[in-house]
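Note sheet for the following structure.
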Amino acid sequence: MGRRDVGILHPGSMGAQVAAQAVAAGATLRWLPQGRSAATRERAGDIGLRPAADLRELAGACEILLSVCPPAAALDVAAQVADAGFRGVYVDADAVGPERMAEITDVFEGGAVTVVDGGIAGPPPASPRGPGATSPGTTRPWRASATCSRAPLAPRSSCRGPSHGRPR
C-alpha cells in the first residue's frame, strides 16, 4: 500500500458522490466497510472504493482523509482518526461552524497533520456515470481548501476560506 491513496470516511450519499468524482479523476480511494449498511457497501463497490480492514490501516495507507459525515459526528470522527495515528492531510468536508472546526483542529494539535476546512454546501455532484454526468474537476464544493491553524497569540483558531479571507 502506498501513501498516495485517499481515504473517505462515511461514504453516504454525499460522500459517495464526492468519492465517485475523485475516482473518475484517477484517484485511488479507500474506505472502512466495518459497521456500514448493505446499501453503503454496494455503493462503495459500484464506485470502485477499496476496503481497509480498520481505521489504523486506512490511516497508514492514505496521505489524505476526507471526512464527509453528519456535522454532529465530525469531532468524534476526527478524534478517532487522530487516535489511529494518521499523519497527512485531514479534510473535514462537514458543514460545521468555526467553533467546531477549531475543536477539530485542536484534536490534531502537535501531530503531523494538516487540517483543511473543506465544508460542502449544496447538493451532491452528479454521478460521473449517469444522466447529468459532470466531468471530473468540474464540480466544486462552495467552500473548499480553507486551512485552519491556531496562531500563537490568537485567542481562537483562525479559519479562513478562499473567498474574501473572512472566517467561516
Side-chain angles (χ1 to χ4, degrees), residues 5-33 35-37 39-50 52 55 58-59 62-82 86 88-108 113-149 157-168:
D5 293 352
V6 175
I8 187 152
L9 303 164
H10 304 284
S13 59
M14 175 66 83
Q17 291 302 318
V18 170
Q21 292 289 318
V23 168
T28 298
L29 262 75
R30 296 184 181 277
W31 77 296
L32 294 173
R36 304 303 295 172
S37 71
T40 299
R41 288 171 183 265
E42 183 177 343
R43 205 171 20 242
D46 290 347
I47 295 168
L49 302 185
R50 297 180 181 181
L55 187 52
L58 187 72
C62 299
E63 71 176 319
I64 300 170
L65 284 180
L66 304 171
S67 176
V68 185
C69 68
L75 184 58
D76 184 51
V77 169
Q80 290 176 37
V81 169
F86 178 66
V89 178
Y90 183 80
V91 180
D92 187 284
D94 310 312
V96 298
E99 292 81 18
R100 181 51 52 100
M101 198 63 225
E103 292 173 324
I104 290 167
T105 301
D106 286 347
V107 164
F108 295 103
V113 176
T114 299
V115 176
V116 177
D117 180 4
I120 296 172
S127 169
R129 293 182 252 218
T134 60
S135 299
T138 61
T139 301
R140 305 229 189 293
W142 291 354
R143 295 181 244 164
S145 302
T147 58
C148 294
S149 62
S157 73
S158 166
C159 296
R160 300 195 184 279
S163 63
H164 313 295
R166 292 187 305 233
R168 290 198 315 120

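Note that the coordinates shown come from a computational prediction; the quantities given were computed from them, not determined experimentally.
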What residues, two or more places apart in sequence or in another chain, satisfy side chain to side chain contact (heavy atoms under 4.5 Å, CB included) together with Thr28? Asp5, Arg50

Ala73: side chain to side chain contact (heavy atoms under 4.5 Å, CB included) partners, not counting sequence neighbours: Cys69, Val77

What residues, two or more places apart in sequence or in another chain, satisfy side chain to side chain contact (heavy atoms under 4.5 Å, CB included) together with Arg100? Leu75, Val96, Glu103, Ile104

Which pair of non-hydrogen atoms, one from Ala19 and one from Leu49, has the smallest distance, and what is that distance? CB-CD2, 3.9 Å

Please identify each residue that fulfils side-chain hydrogen bond (donor to acceptor under 3.5 Å, both in side chains) with Arg36, with sequence neighbours left out. His10

Trp31 vs Arg41 side-chain heavy atoms within contact, under 4.5 Å: yes

So which heavy atom on Gly7 is nearest to which on Cys62, and how close? N-SG, 3.4 Å

Minimum heavy-atom distance between Ala93 and Val68, given as atom pair plus value: CB-CG2, 4.0 Å

Shortest non-hydrogen pair, Leu29 vs Ala22, comes out as CD1-CB, 3.6 Å

Rounded to the nearest 0.5 Å, how far does CZ of Arg43 lie from CD1 of Ile47? 7.5 Å

Ignoring hydrogens, what is the shortest heavy-atom contact between Ser67 and Tyr90? Give both atom names and the distance. CB-OH, 3.3 Å

Measuring from atom CD1 of Ile8 to atom CG of Leu65, what distance do you get when rounded to the nearest 0.5 angstrom? 10.0 Å

Leu9: which of Asp92, Leu55, Val91, Leu66 passes side chain to side chain contact (heavy atoms under 4.5 Å, CB included): Leu55

Identify the heavy atoms of Ala82 and Val107 that sit nearest to each other, and give their distance. CB-CG1, 3.5 Å

